[in-house]
Amino acid sequence: MYSTRIYYQDTDAGGVVYFANYLRLFEKSWFEYLISLGISLPEWEKMGIYVLIRTAFVDLREKLHYGDIVNITTSIKEVKNAYFVLTHAVSKNGQATTKGEIKMVCVDKNGKPKRLPEDFRNRLLAALDSPRTSPGIK
């Protein structure tokens with residue numbers, strides 16, 4: 001679980017989180033989540049393996065406001081040969097506020113689809129049965 005505070009920069013003029021900023025929250029959470037699995041994207045990129053977002057889905061259920069402290073839980077939903085799907089659940093005070101899903105594809109340095117490397121894929125597959133947590137504010 002990634003925890004953070006909602007900052008002024010995350011909100012619109014009404015002090016409510018701007019819808020596109022949920023994707024930023026998801027990104028921080030999935031980056032920390034992958035690190036917790038032993039997957040460092042910067043290290044894979046040095047080897048010519050890149051992961052890009054193919055699709056993103058956000059389901060806004062309750063507004064979040066400036067100053068709120070939220071938890072974002074990220075987990076693996078699906079792992080295939082060249083892509084994987086992550087789910088995200090945002091909560092405040094234990095109540096679900098937002099859900100999301102991101103499909104990430106593996107590509108080479110030219111942007112062409114590529115199979116996930118075996119070690120990368122195995123770490124994702126292991127996480128299907130073993131939830132991890134990622135850091136955030138205390």
Legend entry - Over 12 non-hydrogen atoms of neighbours within 6.0 angstrom of NZ in Lys114: no
Legend entry - Test item: Cys106 and Tyr83 side chains (from C-beta on) under 4.5 Å apart, heavy atoms: no
Inset, instruction - Supply the atom-to-atom distance Ser3 OG to Ile72 CD1, rounded to the nearest 0.5 angstrom. - result: 7.0 Å
Inset, instruction - Check the hydrophobic clustering (I, L, V, M, F, W, Y; side-chain heavy atoms under 4.5 Å; chains of links allowed) and say if Val107 and Met47 are grouped together. - result: no
Legend entry - Within 6.0 angstrom of Gln9 CD, more than 12 heavy atoms from elsewhere: yes
Inset, instruction - Locate the shortest heavy-atom distance separating Leu116 from Lys80; write the atom from each residue and the value. - result: CD1-O, 3.5 Å
Legend entry - Lys/Arg-Asp/Glu bridge criterion (N-O < 4.0 Å) met for Asp119, Arg121: no
Inset, instruction - May I ask you to decide if Gly14's main-chain N or O and Asp12's side chain share a donor-acceptor pair within less than 3.5 Å? - result: yes
Inset, instruction - Starting from the C-alpha separation in whole Å, work towards a yes-or-no answer on side chain to side chain contact (heavy atoms under 4.5 Å, CB included) for Phe84 and Val51. - result: CA-CA 10 Å; Phe84 57 99; Val51 179; 3.9 Å; yes
Inset, instruction - Please say whether more than 12 non-hydrogen atoms of neighbouring residues, nucleotides or ligands are located less than 6.0 Å from OH in Tyr50. - result: yes
Inset, instruction - Could you tell me the separation between the CG atom of Leu124 and the CG atom of Asn122, rounded to the nearest 0.5 Å? - result: 9.0 Å
Inset, instruction - Quick one: pull up OG1 in Thr4 and NZ in Lys28 and give me the separation to the nearest 0.5 Å. - result: 5.5 Å
Inset, instruction - Group every Ile, Leu, Val, Met, Phe, Trp and Tyr by side-chain heavy-atom contacts under 4.5 Å, then state whether Val105 and Leu37 land in the same group. - result: no
Legend entry - Salt-bridge contact Lys92-Asp68 (side-chain N to carboxylate O under 4.0 Å): yes
Legend entry - Partner of Val70 by side chain to side chain contact (heavy atoms under 4.5 Å, CB included), out of Val17, Val90, Asn93: Val90
Legend entry - Val85 side chain reached by Glu101 side chain, heavy atoms, under 4.5 Å: yes
Legend entry - Lys99 NZ: over 12 foreign heavy atoms closer than 6.0 Å: no
Legend entry - Over 12 non-hydrogen atoms of neighbours within 6.0 angstrom of CZ in Arg115: no
Legend entry - Closest contact, heavy atoms only, Ile102 versus Ala56: CG1-CB, 4.3 Å
Inset, instruction - Please say which of Tyr2, Phe26, Tyr33 ends up in a ring-ring contact (aromatic ring centres under 6.0 Å, His included) with His88. - result: Phe26
Inset, instruction - Evaluate the side-chain proximity of Thr74 to Leu34: yes if any heavy-atom separation is below 4.5 Å, no if none is. - result: no
Inset, instruction - Salt-bridge test for Asp10 and Arg24: reply yes if a basic N is under 4.0 Å from a carboxylate O, no otherwise. - result: yes
Inset, instruction - State plainly whether one hydrophobic cluster holds both Ile6 and Phe19, where clusters connect Ile, Leu, Val, Met, Phe, Trp and Tyr through side-chain heavy atoms under 4.5 angstrom apart. - result: yes
Inset, instruction - Please round to the nearest 0.5 Å and tell me the distance separating atom OG of Ser40 and atom NZ of Lys46. - result: 7.5 Å
Legend entry - Single-linkage hydrophobic cluster Phe120~Ile53, side-chain heavy atoms < 4.5 angstrom: yes
Legend entry - Straight-line distance of Tyr66 OH to Tyr7 OH, nearest 0.5 Å: 10.0 Å
Inset, instruction - Let me see the working for Thr98 and Val58 under side chain to side chain contact (heavy atoms under 4.5 Å, CB included), right down to the final yes or no. - result: CA-CA 7 Å; Thr98 310; Val58 180; 3.9 Å; yes
Legend entry - Beyond-backbone contact of Trp30 with Thr87, side-chain heavy atoms, under 4.5 angstrom: no
Legend entry - Linked, directly or transitively: Phe31 and Tyr22 (ILVMFWY side chains, under 4.5 Å): yes
Legend entry - Close side-chain approach of Leu86 and Ile76, heavy atoms under 4.5 Å: yes
Legend entry - Separation between CZ of Arg5 and CG of Leu64, rounded to the nearest 0.5 Å: 13.5 Å
